[in-house]
Enquirer: 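Input: one structure, supplied below.
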Amino acid sequence: MVHSFKYIIIGGGVSAVSFTFRFFICVFYMIIDLYNSSGYAAREFVKQGVHPGELAIISKEAVAPYERPALSKAYLFPESPARLPGFHTCVGSGGERLLPEWYSEKGIQLYLSTEIVSADLAAKFLKSANGEHFDYQTLVIATGSAVIRLTDFGVIGANAKNIFYLREVDDADKLYEAIKRKKNAKAVVVGGGYIGLELSAVLKLNDLDVTMVYPEPWCMPRLFTSEIAAFYEGYYANKGINIIKGTVAVGFTANSDGEVKEVKLKDGRVLEADIVIVGVGGRPQISLFKGQVEEQHGGIKTDSFFKTSVPDVYAVGDVATFPLKLYNDVRRVEHVDHARKSAEQAAKAIFAADVGKSVEEYDYLPYFYSRSFDLSWQFYGDNVGETVLFGDNDPASSKPKFGTYWIKEGKVVGAFLEGGTPDENKAIAKVARAKPAVEDVNQLAEEGLSFASKI
C-alpha cells in the first residue's frame, strides 16, 4: 500500500542505533524526540494553513503526541499521577491540548505503531516494518534520541527484570507498576543527569530507598558547576538519597525469578536493588539517513531554517545541528524547549518557501530547566567562562534561592537561578541574551539578582 502526502513528519520508529563504549561513561541531559516536536510542528502547520489530507505524522508509539518530560515527573507521583490525555502536546508551553481527535478534525493523518525501517531521501520514499510505502514532497525528520542501554555494551546481567529505561509512556507504565508492587524497595538509579536527578526524587516521594550512581565528580557536569552541584547533592542527601560518585555499574545479579537483586560497581561495591533505572543518556536517531544527508557534531547539519543538505528535507529537535546565532557557533541542543521551537521554525520556513517568501533566522537562546521535590531551576545562555555565585545555596535552607552568572570576555553570557519567581526567571533570561558588560565580579556577586533586574 502506498500513501502519498505533501508533508510528512517522521519520528520514533527508526532502526536500532549502534553505540560505542564511550557513550556509556558519559551522562547526557534528557531524551527528547518526536513527541516534543511533532505536536508543535503540527500546530504550526495548521496555523500556516495546511489543508486536510496534506500532512501525516508517523511514529512507532501507539499514542498521539505528548509532552515527554512529564514521564520523569508527575507521571510517577504517588498521589494523583498525571495520565493521558492530560499531557498531550501542546500543554507543556501553555498552549492548547491537542487530543487525538484534534488531528482528525484538522485532516492530519496519524500513523501510530508504525516503524519506518528504510528511507530514500532522493526518491522521497519511506517504508514501514509492515510493508507500507509513504511518498512525500517535504519531509521533517524529528526522530529524536534513543536511550543508551547497558545491554548494548554486553554488561553482565543487564537484561534482568526490573531494570528500566524511561523514554515512552509504556516504559513509564511498567516502572510505575513496579514501584507500586515493591513497596519500601531498594532502588538504584544509574546516571546523574536530568533523568537521574528527576527520577531519584520521584522514587523517594514513593518512599523507596534510593541510591544514585554516576562516574563524574558531581551531578549534571555538562551544566552545573561544582558549587551548584554541591547544593543539589546536599539537598538530595538531606532527603535520604544515597549518592555514590566516581564509579559505574559493571554488572547485575538476579534472583530465581530473573529479577534484579544486586548492582555491581566498578570500584568493587555491591548494592542491593529491587528496581534499577538507567539514565545514562541517548544518541540521535539518524541511522536511517546515513550517507544520504550531511552530518555535523553527531547530528544532521541544518541551516537557520532547519533545512538539511537534501532539498525538501528538514531536521528538528535532538537530531539537528544548527547555527546558534547568538554565539556565532554551530551546536546540537538536547532539550524540550529547542525541540518545540525548532519544530515551529521549520514549519514556518516550509510554508514560506512554498510561496517564495522567507522567515527570520532562528535566533535561539539556550534554555534548560528542571523540577524535583520543591526545587525548580532555570538556566539561560552559555555556561562558559568564569563563574560568580550569589544567593543562599545552603541545602538546609527552608527556601533556598541562589544563582550563578557565567562571564566570558568581560560579559555575562549565561545565568542560572534556583527558586526564582516568573519575573526573576525572565530577568535572568534577559541578561543572558543581552550579554551586559561586568566591571567588578565581586560587586556582581553582591548584587546577585538585582543586577539582572537592571538590564
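When reading the values below, keep in mind they use all heavy atoms of this one structure, side chains included, and skip hydrogens, waters and symmetry mates. In what follows, residues are counted from 1 in the order of the sequence shown.
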Enquirer: So K426 and E424, salt bridge (Lys or Arg N to Asp or Glu O under 4.0 Å) or not? Walk me through it.
Expert: CA-CA 5 Å; K426 289 178 182 177; E424 290 168 341; over 6 Å; no
Enquirer: Counting only heavy atoms from other residues, nucleotides and ligands, does the tally under 6.0 Å from CG of D374 exceed 12?
Expert: no
Enquirer: Are any side-chain N or O atoms of D329 and backbone N or O atoms of K325, one a donor and one an acceptor, separated by less than 3.5 Å?
Expert: no
Enquirer: Tell me if the aromatic rings of F231 and F224 count as close, with their centers under 6.0 Å from one another.
Expert: no
Enquirer: Spell out, as yes or no, whether a donor-acceptor pair under 3.5 Å connects the side chain of H88 to the backbone of P65.
Expert: yes
Enquirer: How far apart are the C-alpha atoms of D363 and R433, what are their side-chain angles, what is the distance that settles it, and do they pass the salt bridge (Lys or Arg N to Asp or Glu O under 4.0 Å) test?
Expert: CA-CA 10 Å; D363 188 11; R433 182 171 286 280; 3.3 Å; yes
Enquirer: Look only at the side chain of Q292 and the backbone of A119, and say whether a donor-acceptor pair between them is shorter than 3.5 Å.
Expert: yes
Enquirer: I want to know whether Y380 and W406 have ring centres closer than 6.0 Å.
Expert: no
Enquirer: Will you find, in the side chains of Y7 and D312, an N or O donor that is under 3.5 Å from an N or O acceptor?
Expert: no
Enquirer: Looking just at side-chain N and O atoms, do E418 and S376 make a donor-acceptor pair shorter than 3.5 Å?
Expert: no
Enquirer: Using the six-membered ring wherever Trp is involved, compare the ring planes of Y362 and F322 and label them parallel, tilted or perpendicular (cut-offs 30° and 60°).
Expert: perpendicular
Enquirer: What's the shortest heavy-atom distance between Y232 and C219, and which atoms?
Expert: CB-SG, 4.4 Å
Enquirer: Please verify the inter-ring angle class for Y194 with H335; under 30° counts as parallel, over 60° as perpendicular, anything in between as tilted.
Expert: tilted
Enquirer: Taking NZ in K401 as the centre, count heavy atoms belonging to other residues, nucleotides or ligands within less than 6.0 Å. Is the count above 12?
Expert: yes
Enquirer: List in chain and number order the residues that pass side-chain contact (heavy atoms from CB on, under 4.5 Å) with K454, two or more places apart in sequence or in another chain; answer none if no residue qualifies.
Expert: E447
Enquirer: Please report the C-alpha distance between E233 and K245 in whole Å, then the side-chain angles of each, then the deciding distance to 0.1 Å, and finally whether the salt bridge (Lys or Arg N to Asp or Glu O under 4.0 Å) criterion is met.
Expert: CA-CA 10 Å; E233 290 173 351; K245 300 182 283 186; 3.0 Å; yes
Enquirer: With side chains defined as the heavy atoms from C-beta onward, is the minimum distance between V169 and L84 less than 4.5 Å?
Expert: yes
Enquirer: Could you pull out all residues at least two apart from I244 that satisfy side-chain contact (heavy atoms from CB on, under 4.5 Å)?
Expert: T211, V213, N242, T247, L265, R269, L271
Enquirer: Above 12 or not: heavy atoms from other molecules or residues under 6.0 Å from NZ of K307?
Expert: no
Enquirer: Could you check if a side-chain atom of M212 sits within less than 4.5 angstrom of a side-chain atom of L197, using non-hydrogen atoms only?
Expert: yes
Enquirer: If we ignore hydrogens and angles and just use 3.5 Å, is the side chain of K124 paired with the main-chain N or O of Q137 as donor and acceptor?
Expert: yes
Enquirer: Does a donor on one side chain sit under 3.5 Å from an acceptor on the other, for Y364 and S342?
Expert: no
Enquirer: Salt bridge (Lys or Arg N to Asp or Glu O under 4.0 Å) between E67 and R340: does it pass, once the steps are laid out?
Expert: CA-CA 10 Å; E67 303 283 0; R340 295 165 177 164; 3.0 Å; yes
Enquirer: For F402 together with F390, are the ring centres under 6.0 Å from each other?
Expert: no
Enquirer: Answer yes or no: does atom NZ of K204 have more than 12 heavy-atom neighbours from other residues, nucleotides or ligands under 6.0 Å?
Expert: yes
Enquirer: Within the structure provided, determine whether I243 and Y214 are in side-chain contact (heavy-atom separation under 4.5 Å).
Expert: yes
Enquirer: Closest approach of D392 and S397, non-hydrogen atoms and distance?
Expert: OD2-OG, 2.7 Å
Enquirer: Does the gap between the ring centers of W377 and F416 come in under 6.0 Å?
Expert: yes
Enquirer: Tell me every residue that passes side-chain contact (heavy atoms from CB on, under 4.5 Å) with A237, counting only those two or more places apart in sequence or in another chain.
Expert: none
Enquirer: Could you tell me whether N328 atom CG has more than 12 heavy atoms of other residues or ligands within 6.0 Å of it?
Expert: no
Enquirer: Looking only at the aromatic ring of each residue, does the gap between the centers of F5 and Y136 stay below 6.0 angstrom?
Expert: no
Enquirer: Counting only heavy atoms from other residues, nucleotides and ligands, does the tally under 6.0 Å from NZ of K301 exceed 12?
Expert: no
Enquirer: Please check: side-chain N/O of E295 versus main-chain N/O of G291, any donor-acceptor pairing under 3.5 Å?
Expert: no
Enquirer: Where the side chain of D440 meets the backbone of N442, is there a donor-acceptor pair that is under 3.5 Å apart?
Expert: yes
Enquirer: Can the ring centres of Y75 and Y66 be said to be less than 6.0 Å apart?
Expert: no
Enquirer: Between E96, E344, Q48, which is the residue that forms a side chain to side chain donor-acceptor pair (under 3.5 Å) with R43?
Expert: E344
Enquirer: Backbone N or O of I141 within a donor-acceptor pair of the T143 side chain at under 3.5 Å?
Expert: no
